[in-house]
Structures are given as C-alpha cells and as structure tokens.
Amino acid sequence: MRRARLTGVAGVALLALGLTGCGIPASTDVEVERRVTTAEAGSVSGGSVQPPTRAAAGSNAQTFVNNFLAAAAGEPDRAYERVKEYIDPRQHHRLQERQGSEITLTVVRLTDDPVITPDVDSTKVTINVQQVGVLRANGTLVSPVATERSYEFKLVSTALPGQGDVEQAGLYVQDPPNVLLLSDVALAQYYKESSVYFWSSDRARLVPDLRYLPEAVPEERQVTEVVRWLIGGPSDWLRTAVVPLPDRTELINNATGSADRWEVNLALPANDEERLDQFATQLAWSLPNLDGQVELKVQNQSRRVVDLAGQRRANPVYELAQNPHRFCVYDGAVHPLAVVGDPGTVPLAEEDNRNVLSANFDRIHDRTLAALVVTGSDKRQRLAVGSGTAPLTDLRKGPAHNAMGRPVWLRTLDPLKPRGLVVADGNLHLFEVDRDVRMSRVQLNGVTGAVTAVAASLDGQRIALIVGGGLYVAAVDLDDDSVTVGPTRKVFTSLTALSAVDWAGEDRLVVGGSADRPAVYDVSIDGARQTPLQEKLGAKVTHLAAYPVNPAAPQPSAVMYEANGVSYSGSSRIQSDQVLNVSPEPTGDRSGNPTAPFFLF
C-alpha cells in the first residue's frame, strides 16, 4: 500500500488570519462576532467549563436570556437537567425529554439583540435567529432541521414554594421552546473543536472530521471520547469519501491511563494487522495534543504500543514546502510576487504564458501541474493544462466557454492521474490531464443554481462551492476511473451575495461576500463559527486564494484577494513593482494592476 500522506491536525488556530500575510488592507480591524456575552455568569477564561446556573443572572433579564441560550452546553446526558433548571417547574412537562444518542441541541445564531418587553406579570422575550445546525451527542454538527427564524418565551419572577421572596427566586422561563437551544456564542465558549480522522476510500490518506468536545469533559476521558467517535463512524456528509472502522468494532470499557501512557482495549472482528496499524495512525492524528504512548489491546491481549508523536512523524501530513510561493497575473502572463518569503519560479514556457486570466499550480512529488484559463482570438475562454517537469511546454487546451472561474487541483497522490475542478458557464467541471484536456460536467446532489466558485481542501477529498449564492461543502471520492462528488451540505453564514471561497485550514473557509457591505469572513466548514476579517471593502471580492493552516509547514494562514481589479496581500495592496520578471517599459513606469493572485504550496 502506498505510504499515506495525512491531512493536518485539527484545532490549530488561524493565528493572524487577517493580519500578517492575509490580504486585508492596513486599516482592517479583526473582530470576532460576539453580540452577547455570558461573562457575568462565569466563563472559560475564568476557569469554569460549566454553563452558568439559573441564579447567576439574578434579576437581569438580558443576562438571563444569554445564559439560558448556553444552559444546554456540556455533556449531553445532563443537557435536559441543566435546561429544566431555567424553566418554571410547573412547565417542565412542556419540554419533551430524550435520552442517549437522541439528545440534540439546536444551534442558532442571533441576528439581533434579544427583544425584551416587560408586561404586567411577565416579560416577553423574542429572539431572531439564523438556524446553524443540530449538535448531536457524538459531537457532530449536522444540517439544521428547524426552520424557525424566531423564538418567543416569557420570563417570570415568582417565588416558588421553599424559595423565599421574589428577589431570591430570580427568573424562570415560561412557555419555553420545544427544543434545546444553544447559541453559537455558547458553542464557541463551552466546546472545543476537535477533529477525528478517517481513511479515504482508497485508504491512501486521512480526512479530518470536525467534532465538538464539551469543555466539561475531563482530560482523563478525552481518549475514550475520541475512540468512541472513531468507532461511531464519520459525519453523514463525509461517508461517500471515507471508510469507517470494520463493522462490530467496539471499545471494551473506557480508556485508562494518564497524560504519558494510555490503554485502549478493543473488540475487532478480524485479526488484521494492517487495519490495526491504520487505526493507530488514525488515533495518533485524532489526539494531536498527546505525545505519550497508547497500548492497543484486542480482547484484552496486548497487540502493540503506539508512540503517538512517533506515529505522526512516521506518517507525514503533506508534501508541502515550508514557505508558499505567491504568483499573480500581470499583463496577461503569470509572474511571481515579491511579497513575503522567497519568490517562486513560473513553471511555464514563455510561449504558453500568454493571454492568461487566472491560474493555479500544484506539485506531486517531482512533477509540476499547471492549469490556466486563457482567452483566444475569439474572446472565449479555455482551460490550458500541463503536467511534467518544469518548465512545462505545449499545454493542451480544452473546449471554449463564455466564462470560467479559477481552476483548482484535487491534491491526489498519484502523479500519473492529476485531476482538477473548474467552474465554466455556471456549471462545475472535472478536468483531467491526458493527451487532450478532458472536461466533464459534475452533477451536484441536493442543490440547484449556478455554480460560481469552487475550492479544494488540502486532503483532496473535500470541496467548497458557491452555488446559487449559497455556500456548500461536499466530499469527493477519488478512484482510479472516476471522481464522484457526494451530497452537498449547506454552510449557514450571515454573509450574503457570496462571490469567492477558499480553504483557510482543515476545517475553515475564507469567504468573500456581503455583510451590508462587501466583506471577507473566516467561516468554519459547518457555519458554527465565523470571524469578520474585513468588513469595509469598497467592492465585491471577485477572486480569492488562501494558504491554509496545516501541521506540515506550520505558519499562519495567508490570504490574497482581488476586488475591483485591485489585488491585496498581507496588510496592503499589491503594487505593480512587486511583480517580478516583467520586461521594462520604455518610460520606466508600469501600467495596470496585478490580478488573480494565488499560491503554490
């Protein structure tokens, strides 16, 4: 079996995204969108990992509402108990309780501050929301089920039997919603993002699967939770591209041990050493913060001791350069940029580097891949593709289209079968490098509308799309003969008029859209977390490229983008004198702007 090149570790923060090397103008202020706070009730920064109690807000209705939207946070088996503490005991029956894996939390994003209206004997509360998703007991956030855009309930201040006076009693909820609500703010505060990894369908690489682990889970139980997640299988939207553990795999008792050594006892249906080795690699990458040893047992029999840090070193994540190279299109040709780090070399013969609108390069071992969108004498656009040893010559061209987007390569491990995706005339197309450029339309499941942008993740098994103005992700199944895109999962974000997307990390996207004005946001792939990077752009983002955070070449994510024909990188506009290898003009001055910036990594 081919030695796997694994996807990166989850939980690496997007440090400085929007600061150094992010492609945002110098006046940008990076802010995390937080309209409400639960700090008064105790926060993670204060050492608490439990949501606030009902009495923590006293008689402050605003704080009480915020805390009520955090009450369900934490370990699932006590979610109803925590929420019922907030509800008038006489109305506990109005919240239909579920058990075990059926416990789900409805994650919402408040679109406005709660509307709190005092009445004669109660206070009416209205919260306007965007549905984000459903948080399951296994830590997955799936697509929303509810369609409500607002919820209403009442607050009462009534001393119940044995509670003394009204002031001591505090507030209670009457007429509660019939679901367990959790705000996106509370999700960020009381859970940590933690990816587990599943092998791709060809077992060549690992694919991250984003989960949410309650901060309340003690450290000694985290190994147990991760193993259970692996046994439970991947998230629904990833199932078409990855393989779960063998059927009937079970965890025998909880994992035991300490920070340096753990013991995991499994029931496996087959005596398969290769599968056990693959599980060891999955586990090592799914526990990125542990560097000790895990003894794997099967039916109480010791099978191997896994050095977690050593297992990760032995299975490197990607073949990536330590520093990405930056390029742009200038005067119809691709040129390197002198922006950050050492400039790259354009891997094209001069006669093929003409009439370029956008481009993308990639590497597979010692081979270079190039995909260009070029214009012909008929003003129509074609894809020109080449693969081999740089400089590439005699690029093959595909059929003509009226409009094409930036092409992206699917990061395959097979240098003989490079494949990529491109948007052409509102449809998604797969392209392959052969004697000719073969382009075939990709059918998308579960979504309709014009496709306007596509981006591929580092693992090559997931893509992000803008379709009909909405943001989607989908899994990609790569085999020897075909590429299949699985059902799409919509990513709910407060941005509108989406225009560009790329991957900013293993589980994060950077998106161009509108927040009343054109903006660039960092968005998690499930939409639960979003951070405005720039909200004061003067024009729509028409082109965007990112260098994603990853553990192979750890450094902050970087973003370059184009708006109104002007490109940005770092904290400032890309100037024409930063474009290298341009023939001097007779006047000594350069006209025009660099456009369509992109990375090679």
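What you see below is based on every heavy atom in this structure, not just the backbone, and it leaves out hydrogens, waters and symmetry mates.
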Check this for me, if you would: do [X] and [Y] make a salt bridge, where the nitrogen-to-carboxylate-oxygen distance has to be below 4.0 angstrom?
{"X": "Asp184", "Y": "Arg109", "result": "yes"}
{"X": "Arg508", "Y": "Asp522", "result": "yes"}
{"X": "Glu193", "Y": "Arg529", "result": "yes"}
{"X": "Arg82", "Y": "Glu85", "result": "no"}
{"X": "Asp507", "Y": "Arg462", "result": "yes"}

List for me each residue that meets ring-ring contact (aromatic ring centres under 6.0 Å, His included) alongside [X], sequence neighbours excluded, and say none if there are none.
{"X": "Trp409", "value": "Phe431"}
{"X": "Tyr191", "value": "none"}
{"X": "His543", "value": "none"}
{"X": "Phe153", "value": "Phe68"}

Using modelled atom types and a 3.5 Å cut-off, is there a donor and acceptor pairing between side-chain atoms of [X] and backbone atoms of [Y]?
{"X": "Asp502", "Y": "Ala546", "value": "yes"}
{"X": "Ser499", "Y": "Thr542", "value": "no"}
{"X": "Thr111", "Y": "Asn128", "value": "yes"}
{"X": "Arg517", "Y": "Glu535", "value": "no"}
{"X": "Arg406", "Y": "Asn360", "value": "no"}
{"X": "Ser194", "Y": "Leu213", "value": "no"}
{"X": "Ser235", "Y": "Leu238", "value": "no"}

Checklist line | Lys NZ or Arg CZ of Arg54 over Phe64 ring: under 6.0 Å, within 45° | finding: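 The answer is no; the distance or angle limit is not met.
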Note to self: Using the salt bridge (charged side-chain N to carboxylate O under 4.0 Å, His left out) criterion, which residues pair with Asp526? Sequence neighbours excluded.
What the structure shows: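 Counting only residues at least two positions away or on another chain, Asp526 forms no salt bridge (charged side-chain N to carboxylate O under 4.0 Å, His left out).
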Next item on the list: For Glu225, enumerate each residue passing the salt bridge (charged side-chain N to carboxylate O under 4.0 Å, His left out) test, keeping only those at least two apart in sequence or located in another chain.
Entry: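 In terms of salt bridge (charged side-chain N to carboxylate O under 4.0 Å, His left out), with neighbours along the sequence ignored, Glu225 is linked to Arg221, Arg228.
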Note to self: To the nearest 0.5 Å, what is the distance between CG on Asp88 and OG on Ser122?
What the structure shows: 11.5 Å
Check: How long is the gap from CG on Asn66 to OG on Ser183, to the nearest 0.5 Å?
Finding: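 Reported value, rounded in 0.5 Å steps: 7.5 Å.
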Checklist line | Pair Asp477-Ser201, side-chain donor/acceptor within less than 3.5 Å | finding: yes
Next item on the list: Before giving the answer on salt bridge (Lys or Arg N to Asp or Glu O under 4.0 Å), spell out for Arg136 and Asp236 the whole-Å C-alpha distance, their side-chain angles and the decisive distance to 0.1 Å.
Entry: CA-CA 12 Å; Arg136 291 177 174 171; Asp236 294 343; 3.2 Å; yes
